[in-house]
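If you're wondering where the values come from, they're calculated on a predicted model, not measured in any experiment. Values reported hereafter were calculated over all heavy atoms of this structure, with side chains retained and with hydrogens, waters and symmetry mates removed.
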Amino acid sequence: MTLPPAIPVAACLRDVPCDLTALHAVCQEARQFFGRAGLSEADVDAWEIGLMEGLANAVKYCRPESRHRPIRVDLMVAPEWSEARINDHTAGFEWPEKAELPAVDSESGRGIFLIQQVTDRSCYLRGRDGNCLVMFRHRPASATPSSPSGAPRSDELREAERTLELMTEELASTYESLSAIFRFSSELQGGVVSEEFLHRWLAQIQDITEADWVVMRLSDRSSGRLRMAAKAGRDAGNGGLLRDIAPSETESVEARAARQQSDIWFDGSAQLVPEDPLATLAGDGCGLSHPLTANEAVIGVLTLGRDDGSRPFAAGQVSVIHTFGDFLGLQIRSSQMHDEEVRSRINERDLEIAANLQQALLPRQLPTLPGTALARFYRSARQVGGDYYDALPAGEGGLLLAVADVMGKGLPAALFAFIFRSLARSRPDLASRPGEFLAWLNQQLFRELDHAEMFITAQLVFLDSVRGEIRAASAGHPPLLTANAQGEVVEWSAGGPPLGIVQHAVFPEESRAWTSGHALMFTDGLIEARNPRGELLGIDTVKAVLAEAARRGESAGGVQERLEGLLRDFEQEAAPADDTAFIVITTQTPR
């Protein structure tokens with residue numbers, strides 16, 4: 001980094017990475033600053049020692065969770081004194097009034113002793129979120145000589161006039177900056193950071209800081225890549241300027257600023273490498289990249305540059321960049337959170353509408369056959385689920401029952417469940433042939449399911465009271481369970497692949513005599529329910545409940561309540577992991 005030009009009252013503020021390898025370069029830059037500010041060689045040497053010891057302690061004793069945070073260094077020079085402050089993130093310690101030289105074999109204590117030896121005053125201020133080491137040195141009287149008569153020398157007058165000019169310029173710049181920041185804050189009251197807003201205010205920052213160009217990238221929330229958001233000023237026509245930057249790129253100063261969460265300076269002594277997207281734009285100039293953060297999260301990076309590499313930004317201008325950048329980072333994050341909240345509310349409303357629609361599509365009352373009763377259960381793991389059940393009268397003495405499970409949850413699953421329902425109700429002529437019916441459904445749904453990379457498991461059961469039969473076919477679905485009065489449970493094996501997997505799939509059909517007994521159609525949410533220990537409910541537990549209900553001759557409603565209670569007791573109020581639907585069928589031979 002290049003330091004501001006020397007002035008009688010000078011200040012330099014820098015963020016230093018918490019890394020021992022960076023300290024030598026920082027101390028050399030501090031030497032340049034103090035030298036250009038008019039300090040003697042002895043003063044400069046003393047400051048190098050004091051800064052090196054202070055920074056080494058700040059790095060060595062930094063708390064592990066704070067190593068990503070930079071160490072801030074403030075350097076100040078006035079006509080009669082010079083001062084340095086190091087803000088660290090260590091646990092802190094008690095600063096001795098006067099340190100003694102430690103023993104030769106001691107591994108600590110020398111740093112404090114050396115600091116006290118090379119400074120006139122030093123103290124250590126401990127804080128809640130960090131600490132500050134303050135070091136002070138008087139400047140010798142020879143640094144501010146007067147004429148023998150006691151009257152100010154002409155060069156002193158010139159220096160004083162120059163100081164007043166700089167102070168006036170600084171006050172004017174501060175006033176202009178504060179006015180801009182107030183306008184900035186007022187315009188952001190709406191909470192929306194538009195592209196037009198960013199372009200306009202980058203031009204404002206460019207004007208206040210006298211930058212030749214400004215570039216701002218924002219961090220993509222999903223990938224973390226830095227993407228071009230806005231730029232102002234001169235455009236060198238660099239095609240690579242617009243490309244996204246990965247946070248791991250070592251050749252990019254913007255990526256380094258984001259990664260280290262500290263300012264990165266570049267100038268004639270530290271030029272950008274050719275691979276840097278800013279290289280062509282920056283040329284032989286100078287500038288800095290400042291990370292935009294909020295709650296220690298990187299929002300983006302603001303980079304400003306000047307074409308004249310010998311004229312870096314002054315401390316006051318850097319303060320403006322920090323103020324604008326930090327405030328803008330907070331506002332962008334606030335705008336992002338506002339957008340997320342709006343989208344969340346819209347999604348919640350959409351899901352509420354979809355949930356109401358889905359509930360309207362599920363039959364409120366199930367039809368029955370003479371001697372046959374039905375009971376059903378449904379719950380969604382989210383507002384909207386992909387499980388579906390239905391019961392459709394089919395001709396004289398016939399009833400088609402359907403249970404389906406669309407892969408996934410939420411709105412996409414609910415939409416496919418709706419399509420399945422519409423198709424299933426469109427072909428009553430296929431109701432008595434469940435295997436053929438599933439093959440037709442597969443043909444109708446295949447293209448859409450394949451395109452969406454989804455599938456549906458389904459089971460169709462046809463109750464034929466005229467022939468006293470039950471016919472079933474399955475598409476990758478859990479088996480149909482039937483139980484007789486003796487409590488013997490049978491798992492039906494008929495099944496083919498899920499719908500949407502094989503375009504011309506065949507679905508075997510199984511048929512058995514059915515005049516009395518209990519049956520259960522269900523989705524996998526029933527048998528894959530988990531308790532707080534992560535254990536599965538399992539099909540054997542469900543079979544045992546069905547067997548006992550059949551032996552006792554319980555009603556369909558009684559079996560439904562028993563299974564619902566089983567789920568509730570097993571899960572112990574844990575949130576369901578999947579949608580769940582089932583239909584209980586009980587048939588008794590008329591007397």
Undergrad: Listed by chain and number, what are the side chain to side chain contact (heavy atoms under 4.5 Å, CB included) partners of Asp74, not counting sequence neighbours?
TA: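 By the side chain to side chain contact (heavy atoms under 4.5 Å, CB included) rule, Asp74 matches Leu13, Arg72, Arg85, Asn87.
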Undergrad: In chain order, what residues pass the side chain to side chain contact (heavy atoms under 4.5 Å, CB included) check against Asn131, with sequence neighbours excluded?
TA: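 Testing Asn131 for side chain to side chain contact (heavy atoms under 4.5 Å, CB included), a comparison that skips the adjacent residues, returns Asp88, Thr90, Tyr124, Arg126.
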Undergrad: Any salt bridge linking Arg217 with Glu254? Criterion: basic side-chain nitrogen under 4.0 Å from a carboxylate oxygen.
TA: yes
Undergrad: Just jot down the side chain to side chain donor-acceptor pair (under 3.5 Å) partners of Arg259, sequence neighbours excluded, or say none.
TA: none
Undergrad: Tell me every residue that passes side chain to side chain contact (heavy atoms under 4.5 Å, CB included) with Glu528, counting only those two or more places apart in sequence or in another chain.
TA: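 By the side chain to side chain contact (heavy atoms under 4.5 Å, CB included) rule, Glu528 matches Asp524, Leu536.
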Undergrad: Checking Arg121 now: which residues fulfil salt bridge (charged side-chain N to carboxylate O under 4.0 Å, His left out) with it, not counting sequence neighbours?
TA: none
Undergrad: Please examine the side chains of Phe33 and Gln28, heavy atoms only from C-beta on, and report whether any two atoms are closer than 4.5 Å.
TA: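 Gln28 vs Phe33: side chains apart.
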Undergrad: Within this structure, what is the CG-CG distance for the pair Leu55 and Leu133, rounded to the nearest 0.5 Å?
TA: 9.0 Å
Undergrad: Return the set of residues passing salt bridge (charged side-chain N to carboxylate O under 4.0 Å, His left out) with Arg137 (not counting sequence neighbours), or none when no residue passes.
TA: Asp43
Undergrad: What's the separation between atom CD in Glu53 and atom CG in Leu114, rounded to the nearest 0.5 Å?
TA: 5.0 Å
Undergrad: Could you work out, with side chain to side chain contact (heavy atoms under 4.5 Å, CB included) as the rule, every residue matching Glu41, not counting sequence neighbours?
TA: Arg31, Asp45
Undergrad: His322: what forms a ring-ring contact (aromatic ring centres under 6.0 Å, His included) with it, not counting sequence neighbours?
TA: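 For His322 the ring-ring contact (aromatic ring centres under 6.0 Å, His included) partners, ignoring immediate neighbours, are His290.
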Undergrad: Can you measure from CD (Glu83) to CG (Asp120) and round to the nearest 0.5 angstrom?
TA: 11.5 Å
Undergrad: Going by ring-ring contact (aromatic ring centres under 6.0 Å, His included), name the residues that satisfy it together with His138, two or more places apart in sequence or in a different chain.
TA: Phe136
Undergrad: Whether Asp220 and Arg225 form a salt bridge (side-chain N of Lys/Arg under 4.0 Å from carboxylate O of Asp/Glu) is what I want to check.
TA: no
Undergrad: Would you indicate whether the side-chain heavy atoms of Gln260 and His68 approach each other to under 4.5 Å?
TA: no
Undergrad: Could I get the full list of side chain to side chain donor-acceptor pair (under 3.5 Å) partners for Ser289, not counting sequence neighbours?
TA: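 Scan of Ser289 (side chain to side chain donor-acceptor pair (under 3.5 Å), adjacent residues dropped) gives Thr303.
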Undergrad: Ala279 and Pro274: which non-hydrogen atoms are nearest, and at how many Å?
TA: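 Of all heavy-atom pairs spanning Ala279 and Pro274, the closest is CB-O, 3.9 Å.
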Undergrad: Does the side chain of Pro96 reach to within under 4.5 Å of the side chain of Ile112, using non-hydrogen atoms?
TA: yes
Undergrad: Does this structure show an ion pair linking Glu210 with Arg311, if we count only N-O contacts that are shorter than 4.0 Å?
TA: yes
Undergrad: Going by salt bridge (charged side-chain N to carboxylate O under 4.0 Å, His left out), name the residues that satisfy it together with Asp212, two or more places apart in sequence or in a different chain.
TA: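 None.
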Undergrad: If you compare all heavy atoms of Pro312 against all heavy atoms of Gly309, which two are closest, and at what distance to 0.1 Å?
TA: CD-O, 4.5 Å
Undergrad: Does atom CD of Glu97 have more than 12 heavy-atom neighbours, drawn from other residues, nucleotides or ligands, at distances under 6.0 Å?
TA: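 No - once you tally the heavy atoms of other residues, nucleotides and ligands closer than 6.0 Å, there are 12 at most.
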Undergrad: Could I get the full list of salt bridge (charged side-chain N to carboxylate O under 4.0 Å, His left out) partners for Arg63, not counting sequence neighbours?
TA: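 Expected list: Glu65.
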